[in-house]
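Please see the structure below; I have some questions.
This is a predicted model, so every value here is computed, not measured. All residue numbers refer to positions in the sequence shown, counting from 1.
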Amino acid sequence: MVGFKATDVPPTATVKFLGAGTAACIADLITFPLDTAKVRLQIQGESQGLVRTAASAQYRGVLGTILTMVRTEGPRSLYNGLVAGLQRQMSFASVRIGLYDSVKQFYTKGSEHAGIGSRLLAGSTTGALAVAVAQPTDVVKVRFQAQARAGGGRRYQSTVEAYKTIAREEGIRGLWKGTSPNVARNAIVNCAELVTYDLIKDTLLKANLMTDDLPCHFTSAFGAGFCTTVIASPVDVVKTRYMNSALGQYHSAGHCALTMLRKEGPRAFYKGFMPSFLRLGSWNVVMFVTYEQLKRALMAACQSREAPF
């Protein structure tokens with residue numbers, strides 16, 4: 001058995017909630033440069049108007065984007081928006097991942113046998129609910145990742161300033177910009193990510209191909225990351241473009257998608273696919289493996305505290 005052993009008592013909702021947020025923050029710390037590279041590639045090619053990205057630098061591929069950013073803006077640019085990103089994960093992942101099992105049990109009325117429909121409903125519900133809680137942090141994160149340090153054209157100097165500036169210049173609605181595509185994206189992402197992980201893990205365990213430990217969690221997470229990237233990439237690109245756009249550049253998320261299709265063609269919807277896959281694949285592996293271990297460690301700690309001397 002690799003890692004912490006599974007406890008006899010299943011993890012509580014509180015343990016799952018806290019464990020999911022913590023695991024997501026750890027995964028973000030490790031994979032954040034890939035996410036920043038993905039954002040830069042996704043917004044490359046759009047007419048920016050008031051919004052300038054990376055001093056008009058041209059990016060080619062994941063490694064090329066990272067090297068260009070380091071050369072023109074410095075290594076710290078890879079972690080633009082990290083504070084908002086961690087705020088987002090602590091609130092966002094806690095809801096969409098930490099509450100998934102509880103919502104799934106609600107839809108199955110406590111039955112141990114959950115069908116694909118119940119899993120999809122649970123994934124859609126927690127994904128949409130998480131957006132309602134964490135959308136402002138996502139807007140600030142994307143704005144920071146998109147702005148350049150070079151050329152003196154930075155829009156925001158700090159996370160707090162970003163929240164205040166967006167609220168002042170664009171109104172409170174500015175902090176909720178892109179909610180519709182983000183709800184769609186995260187309903188899709190949550191279903192693809194959690195349901196795929198759930199199904200792969202269940203299949204491996206029921207077929208006795210693996211035991212419930214690190215190799216099983218790693219395999220399930222990697223498969224979930226690939227499926228999620230393929231399914232969610234078009235919505236993710238539209239979400240990134242729309243949230244980063246200048247006031248009035250797009251009338252709606254649908255207008256943003258149509259503008260992309262007309263000006264850049266269908267391939268624009270898969271811009272940044274490789275960094276998306278590298279980021280989601282690695283993020284899923286780190287997050288799910290850490291999450292599974294944290295649940296076991298926290299439950300073991302709770303049991304040891306309750307055990308008599």
Any chance you could measure S102, atom OG, to K16, atom NZ, to the nearest 0.5 Å? 5.5 Å
Could you check whether any side-chain heavy atom of T229 comes within less than 4.5 Å of a side-chain heavy atom of R279, counting everything from C-beta outward? no
Which residues pass the side chain to side chain contact (heavy atoms under 4.5 Å, CB included) test with T179, not counting sequence neighbours? V131, Q135, W176, V183
Is there a donor-acceptor pair closer than 3.5 Å between any side-chain N or O of S158 and the backbone N or O of E161? yes
Does N190 reach the main-chain N or O of G123 with its side chain, forming a donor-acceptor pair under 3.5 Å? yes
Spacing of CG belonging to D138 relative to CG belonging to L175, to within rounding of 0.5 Å: 12.0 Å
Taking every heavy atom of A93 against every heavy atom of A24, the minimum-distance pair comes out as CB-CB, 3.3 Å
So K141 and D35, side chain to side chain contact (heavy atoms under 4.5 Å, CB included) or not? Walk me through it. CA-CA 10 Å; K141 178 183 81 78; D35 192 46; 2.7 Å; yes
Single-linkage hydrophobic cluster I66~L29, side-chain heavy atoms < 4.5 angstrom: yes
Between T126 and R96, is there a donor-acceptor pair closer than 3.5 Å when you use the side chain of the first and the backbone of the second? yes
Hey, any chance L120 and V235 share a hydrophobic cluster, counting ILVMFWY side chains that come within less than 4.5 Å of each other, even indirectly? no
Can you tell me how far CD of E193 sits from CD1 of I231, rounded to the nearest 0.5 angstrom? 11.0 Å
Side chains of T125 and Y107: do they bring a donor and an acceptor to under 3.5 Å? yes
Can you tell me how far the CG atom of D101 sits from the OG1 atom of T12, to the nearest 0.5 Å? 11.5 Å
Under 3.5 Å, is there a donor-acceptor pair between the side chain of S124 and the main chain of L121? no
Minimum heavy-atom separation for V140 to A84, with atom names? CG1-CB, 3.8 Å
Non-neighbouring partners of C25 that pass side chain to side chain contact (heavy atoms under 4.5 Å, CB included), sequence neighbours left out: L86, Q89, M90
To the nearest 0.5 Å, what is the distance between NZ (K295) and OG1 (T290)? 12.0 Å
For D28 and W283, work out which heavy atoms get closest and say how close. OD1-NE1, 3.2 Å
Under 3.5 Å, is there a donor on one side chain and an acceptor on the other for Y100 and Q105? no
pair R71-T68: side-chain heavy atoms closer than 4.5 Å: yes
Flag side-chain contact, heavy atom, 4.5 Å: V160 against K164: yes
Between R267 and M260, is a side chain to side chain contact (heavy atoms under 4.5 Å, CB included) present by the stated rule, with each step listed? CA-CA 9 Å; R267 293 181 64 182; M260 285 174 57; over 6 Å; no
Could you check if a side-chain atom of Y250 sits within less than 4.5 angstrom of a side-chain atom of K177, using non-hydrogen atoms only? no
If you count the non-hydrogen atoms of other residues, nucleotides and ligands that lie under 6.0 Å from CZ in F222, is the total more than 12? no
Should the ring pair Y197 and F288 be called parallel, tilted or perpendicular, given that the plane angle runs from 0 to 90° and is split at 30 and 60? parallel
Is Y79 reaching over with its side chain to a backbone N or O of T36, donor-acceptor style, under 3.5 angstrom? no
Check for me, please, whether L18 and M287 land in the same ILVMFWY cluster - side-chain distances under 4.5 Å, paths through other members count. no
Hydrophobic clusters here meaning ILVMFWY residues chained together by side-chain heavy-atom distances under 4.5 Å, can you tell me if L278 and L78 are in one? yes
Validation row: L261, F269 side chains within 4.5 angstrom (heavy atoms): yes
Could you tell me the separation between the CZ atom of R76 and the CE atom of M69, rounded to the nearest 0.5 Å? 13.0 Å
Give the intermediate values and the outcome of side chain to side chain contact (heavy atoms under 4.5 Å, CB included) for residues E264 and T259. CA-CA 8 Å; E264 301 172 60; T259 302; over 6 Å; no
In terms of heavy-atom contacts, V189 and T228 come closest through CG1-CG2, 3.8 Å
Side-chain heavy-atom pair L99, F17 within 4.5 angstrom cut-off: yes
Do L205 and K201 touch side chain to side chain, with heavy atoms closer than 4.5 Å? yes
Would you confirm whether S91, through its side chain, and R88, through its main-chain N or O, come within 3.5 Å as a donor-acceptor pair? yes
If you look at every heavy atom in N80 and F144, which pair is closest and at what distance? CB-O, 3.2 Å
Apply side chain to side chain contact (heavy atoms under 4.5 Å, CB included) to I200 and L204, showing your working. CA-CA 6 Å; I200 293 174; L204 292 172; 3.9 Å; yes
List in chain and number order the residues that pass salt bridge (charged side-chain N to carboxylate O under 4.0 Å, His left out) with E170, two or more places apart in sequence or in another chain; answer none if no residue qualifies. R143
Ion pair check, R296 and D213, cut-off under 4.0 Å: no
Considering only heavy atoms from C-beta outward, does the side chain of V285 approach that of H217 to under 4.5 Å? no
For residues F277 and L63: do they belong to one hydrophobic cluster (side chain heavy atoms under 4.5 Å, members Ile, Leu, Val, Met, Phe, Trp, Tyr)? no
Answer yes or no: is there a donor N or O on one side and an acceptor on the other, between the side chain of N284 and the main chain of L280, under 3.5 Å? yes
Taking all non-hydrogen atoms of both residues, which atom of Y291 and which atom of G19 are closest, and how far apart? CD1-C, 3.6 Å
